[in-house]
Amino acid sequence: MHVKNLSDIPKAYEPKEAESKWYKFWEENNLFHSEIDEDEEPYTIVIPPPNITGILHIGHILNNTIQDVYIRYKRMNGYNACWVPGTDHASIATESKVINHLKEQGINKWDIGREEFLKHCHEWRNKYGGIIINQLRKLGVSCDWERERFTMDEHYSQKVLEAFVDLYNNEKIYRGYRMVNWCPATKSAISDEEVFYKEVNGKLWHLKYPVVDEDDHIIDHVVVATTRPETMLGDTAVAVNPNDERYKHLVGKKVLLPLADREIPVISDDYVEMDFGTGVVKITPAHDPNDYEMAQRHDIEIINIYNDDSTTNGNVPHEFQSLDRFVVRKKVVARFEEMGLLDKITDYTNKVGYSQRGNVPIEPYLSEQWFMKMDELVKPALEVVREGKVKFHPAHWIKTYEHWMDNIRDWCISRQLWWGHRIPVWYHNSSDEVYCGIEPPKDPENWTQETDVLDTWASSWLWAQDTFTNKEDQAYYYPTNLLVTAPDIIFFWVARMIIAGMEFMNDVPFRDVYFTSMIRDEQGRKMSKSLGNSPDPLDIIDEYGADALRFTISYISPLGQDVLFSTDKCEIGRNFANKIWNAARFLLMNAQEVELKDKLKEKHVDFADKWIMSRFQSALNDYNKAIDNFELNTATKVLYGFIWNDFCDWYLELIKNQIYSDDQEVKAAVLTRALSLFEDMLKMLHPFMPFLTEELWQLFDERKENESISVSAFPKFDELLIDKNAEEEIEFVKNVVTAIRNIRGEMNVPPSKAINVFMKSKPLSEIQQKYISSLGKIENLTVDENLEKPKASSSAVVKGADIFIPLEGLIDIEEEKARVVKEINRLEGMLVGVTKKLANENFVGRAPADVVEKEKKKKTDWENKVEKLKEILSDLN
RNA sequence: GGGGCCUUAGCUCAGUUGGUUUAGAGCACCUGCCUUACAAGCAGGGGGUCACAAGUUCGAGUCUUGUAGGCCCCACCA
């Protein structure tokens with residue numbers, strides 16, 4: 001061991017320089033690249049590929065910090081760690097962005113055509129697509145950059161199409177004219193999962209429809225209640241509940257639909273709720289999924305009134321044609337009012353489905369679409385989660401997953417977009433023949449290719465398997481080990497990856513899934529662009545450092561719980577980094593002039609050394625367990641507590657005696673030990689704080705050119721180093737010192753003033769006395785088993801010792817009495833509890849013997865203390 | 001309507017299988033310190049009937065049930 005020469009090491013840790021320096025170093029030395037090595041067990045993570053349209057937000061920071069912690073931890077523990085980065089083409093999101101981008105230049109997607117438009121998409125991707133993934137480097141992620149993938153890479157695209165063809169041939173993909181969620185903004189179908197529901201303060205319009213007899217005479221009126229009055233133009237029936245006495249007589253009669261002027265039947269169906277609205281429902285089969293189903297049950301006509309942008313088509317009366325659906329709404333209501341057919345308008349809040357990307361209300365719409373049949377595909381995927389072959393953390397997500405899988409409907413995978421994987425299907429120009437294959441038909445002039453592309457998730461569902469681009473890699477790295485993701489894409493992505501894994505690989509895609517916390521702002525609101533409450537992670541890194549951010553976010557994010565984040569919380573990490581920096585600085589500065597030798601480690605060892613080693617082993621053990629249990633915040637708390645409290649507050653203070661020793665060998669020995677332990681500490685810390693630990697680790701010794709802590713061996717837990725004896729000895733010293741400091745504090749004795757202390761205790765070793773003297777700032781320490789209490793002194797009783805501090809002139813008798821009385825009261829309070837407990841026959845009889853024993857011991861200890869304190873008190877009187 | 005999660009100090013949260021004392025940490029607060037690693041620091045201190053109620057148990061912050069409040073997901077009430 002040979003520490004680097006430090007002429008001017010700064011007083012505070014300065015992250016900026018260290019971060020850029022070491023990331024470059026890691027990349028240049030290719031430390032994070034993984035190749036197949038049959039002698040090593042792989043540990044694989046595929047990154048949740050960020051959208052090429054996305055911006056880096058705090059959620060990415062949490063997500064990628066967690067992945068990096070696991071990858072670095074496993075790498076240091078001897079695994080062949082492989083973290084595959086990449087990006088998602090994000091079909092609908094990107095297409096919207098590019099459309100808007102072109103619009104600004106006065107260009108319309110339809111004018112330039114498919115080929116030209118796709119060129120713009122690729123350009124856009126080349127320009128912006130790598131931003132997030134590059135920004136992640138600032139966070140210190142140890143991805144294998146040689147393996148960076150994109151969901152539209154040639155190989156990957158090929159696999160996406162192969163999957164389609166395969167499922168098509170197995171009749172798990174079909175085409176159908178069905179009602180889908182239609183997004184009028186993007187003019188495309190979207191899946192059920194892409195619809196989100198907003199509570200809207202709307203109205204319920206009550207419309208009167210005339211009932212007519214065979215001769216078209218108006219004999220009555222029925223009132224229907226609707227939230228979308230414009231759809232009445234597509235009504236083809238009116239329905240009531242078969243048990244509704246109010247309307248029984250109307251069933252089978254006809255209603256004359258106003259404005260449209262057509263007669264439509266009154267039918268009865270169980271679906272109708274009698275006590276909602278008026279109990280009469282207008283049926284618009286083309287624009288409502290329930291109505292559509294009812295129409296099929298009753299064989300009712302279906303009239304589509306909309307174009308693909310949800311403007312009205314030729315199926316509505318002339319005056320309403322070619323208008324936006326919300327304009328039509330106003331017009332229809334106005335005309336009803338004119339005709340005296342508007343019964344009333346009431347306020348009504350309901351949930352309206354919105355398109356996630358278009359952010360407009362979706363319209364149920366009938367169209368030709370491609371669907372994936374899910375009922376069979378879901379079965380093995382459900383099973384592997386139930387059996388624990390894929391484990392969810394926290395486990396309660398299993399229920400959500402099961403519920404979705406049990407109620408799954410066929411997946412609409414076609415999108416009327418251009419950016420994405422074009423569906424590999426061709427329609428024959430002069431027959432009904434359909435061709436599906438990777439290669440185009442042999443006589444392309446006779447065929448027309450499907451214009452739709454696939455839902456983005458019908459490509460990213462292969463991410464865990466096809467980011468490995470050859471069979472050998474796939475066999476070695478698949479199944480991957482861990483997936484770290486936000487719970488909001490459990491259906492979109494996690495579930496579908498499991499489905500794909502079971503279907504195409506016949507094995508799970510990953511063994512563990514870590515669902516991250518949802519990051520909210522201080523008021524508990526979601527981070528969002530519109531609220532402007534989402535801090536830019538790069539600004540935080542700039543201000544606090546990447547390590548501080550990584551540590552803080554791990555520290556405050558428990559598994560399975562939302563977390564309230566604010567930038568200034570990063571002080572936790574920054575201050576901790578600084579603390580470590582200064583502890584290192586202290587040791588390094590003192591080691592400058594000393595010759596450190598490994599063989600000195602065993603020399604001049606005392607119980608403080610044994611204690612800190614013992615504590616370190618416990619911390620290491622707790623840390624390993626926490627990582628295994630996916631409790632990263634626990635791991636950070638273990639680190640924080642051990643390093644700050646045990647190592648810095650106590651150990652470094654204890655060994656100052658030896659560090660300042662005139663005996664060079666004593667000094668060298670203690671510094672060798674401390675630095676060696678510190679090195680292990682740095683390794684433990686490295687997965688969370690890679691930059692700081694690399695910076696310090698490089699200072700601790702002369703390293704080889706490409707040597708890095710990131711590929712060094714992680715410390716191994718050694719139970720033999722746990723030393724309860726040493727822990728007790730230090731515990732005693734700590735208790736005595738704390739009691740003395742307490743008196744100093746309460747009596748306002750300045751820290752600079754040395755005091756005399758008398759201890760009534762069995763003889764103490766020289767080293768114990770030294771420790772107590774230096775930490776208590778004691779001039780003369782007298783230890784005697786038969787000590788008489790000195791006059792005018794302040795006292796304390798700890799286990800194994802009575803402590804007296806003569807404070808002539810400084811002591812106020814009344815104050816001192818109050819102090820002692822307070823302590824007696826505290827102890828007596830505790831004694832009441834334990835005495836009661838021990839008097840309880842049931843407790844003594846039924847509780848385990850060791851528990852009872854403990855209680856008894858507590859009781860005698862406290863009784864002793866109280867007795868002594870009472871003596872002290874009576875002396876004061 | 002179904003399901004999940006949460007409620008512990010002024011604030012943000014720990015508290016693993018029920019059994020170390022009268023429940024911990026950080027921030028904030030009070031007192032004293034620029035003690036030659038660190039004021040982004042050191043030492044000491046105050047502060048909580050663990051949301052409420054009942055139950056199980058020798059023993060409940062921890063398990064069960066109910067009540068109140070908050071958050072989220074799913075579901076076709078027009």
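If you're wondering where the values come from, they're calculated on a predicted model, not measured in any experiment. Chain letters run A, B, ... following the sequence lines, proteins first and then strands; every chain starts at 1.
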**OP:** Identify whether any heavy atom of A:Thr284 sits under 4.0 Å from a base atom; if not, whether one sits that close to sugar-phosphate; answer base, sugar-phosphate or nothing.
**Re:** nothing
**OP:** Quick one: label A:Arg520 by what it contacts on the DNA or RNA (base, sugar-phosphate, nothing), any heavy atom closer than 4.0 Å.
**Re:** sugar-phosphate
Original post:
What nucleic acid atoms does A:Asn578 come within less than 4.0 Å of, heavy atoms only: base, sugar-phosphate, or nothing?
Top reply: base
Original post:
What does A:Lys569 touch in the nucleic acid at a heavy-atom separation under 4.0 angstrom: a base, only the sugar-phosphate, or nothing?
Top reply: sugar-phosphate
**OP:** Consider the side chain of A:Asn575, meaning its heavy atoms from C-beta on, and name the nucleotide among B:rC38, B:rA40, B:rC74 that approaches it most closely.
**Re:** B:rA40
Original post:
Just checking A:Arg585: base, sugar-phosphate only, or nothing, at a heavy-atom cut-off of under 4.0 Å?
Top reply: sugar-phosphate
**OP:** Scan A:Pro487 against the nucleic acid and name what it touches under 4.0 Å (heavy atoms): base, sugar-phosphate only, or nothing.
**Re:** nothing
Original post:
For A:Phe551, what residues pass the ring pair (Phe, Tyr, Trp, His ring centres under 6.0 Å) criterion, not counting sequence neighbours?
Top reply: A:Tyr555, A:Phe576
Original post:
Hey, does A:Trp205 reach any base, or is it just sugar-phosphate, or nothing, if we go heavy atoms under 4.0 Å?
Top reply: nothing
**OP:** Among the candidates B:rU20, B:rA37, B:rG4, find the nucleotide nearest to the side-chain atoms of A:Lys858.
**Re:** B:rU20
Original post:
Can we call the ring centroids of A:Tyr401 and A:Trp397 under 6.0 Å apart?
Top reply: no
Original post:
For B:rA39, does either OP1 or OP2 sit under 4.0 Å from a side-chain N or O belonging to A:Lys11?
Top reply: yes
**OP:** Tell me what A:Tyr348 touches on the nucleic acid: a base, only sugar-phosphate, or nothing, going by heavy atoms under 4.0 Å.
**Re:** sugar-phosphate
Original post:
According to the interplanar angle, ranging from 0 to 90°, do the rings of A:Phe678 and A:Phe647 count as parallel (below 30°), tilted (30 to 60°) or perpendicular (above 60°)?
Top reply: perpendicular
Original post:
Would you say A:Tyr651 reaches B:rA37's phosphate, i.e. side-chain N/O to OP1/OP2 under 4.0 Å?
Top reply: no
Original post:
Does OP1 or OP2 of B:rG46 have a side-chain N or O of A:Lys822 closer than 4.0 Å?
Top reply: yes
Original post:
Base, sugar-phosphate, or nothing: which does A:Lys579 touch, judged by heavy atoms less than 4.0 Å apart?
Top reply: base
Original post:
Looking only at side-chain N and O atoms, does A:Trp397 come under 4.0 Å of OP1 or OP2 in B:rC74?
Top reply: no
**OP:** Just grab all the ring pair (Phe, Tyr, Trp, His ring centres under 6.0 Å) pairs involving residues 829-858 of chain A, residues at least two apart or on different chains.
**Re:** none
Original post:
Contact class for A:Trp862 (heavy atom, under 4.0 Å): base, sugar-phosphate, or nothing?
Top reply: base
**OP:** Would you classify A:Asp568 as touching base, sugar-phosphate or nothing, given that sugar-phosphate means primed atoms plus P, OP1 and OP2, and contacts are heavy atoms under 4.0 Å?
**Re:** nothing
Original post:
How is A:Val834 classified with respect to the nucleic acid when contacts are heavy atoms under 4.0 Å: base, sugar-phosphate, or nothing?
Top reply: nothing
Original post:
Nearest to the side chain of A:Asp649 - B:rC71, B:rC42, B:rA37?
Top reply: B:rC42
**OP:** Remember a base hit wins even if backbone is also touched, and classify A:Tyr271 as base, sugar-phosphate or nothing at under 4.0 Å, heavy atoms.
**Re:** base
**OP:** For A:Glu273, report the nucleic acid contact type (base, sugar-phosphate, nothing); a contact means any heavy atom under 4.0 Å.
**Re:** base
Original post:
Does B:rU7 have a Watson-Crick or wobble partner in any strand here, with both distances under 3.5 angstrom, and which is it?
Top reply: B:rA68
**OP:** Classify the side chain of A:Glu653 and the base of B:rA37 as holding, or not holding, a donor-acceptor pair under 3.5 Å.
**Re:** yes
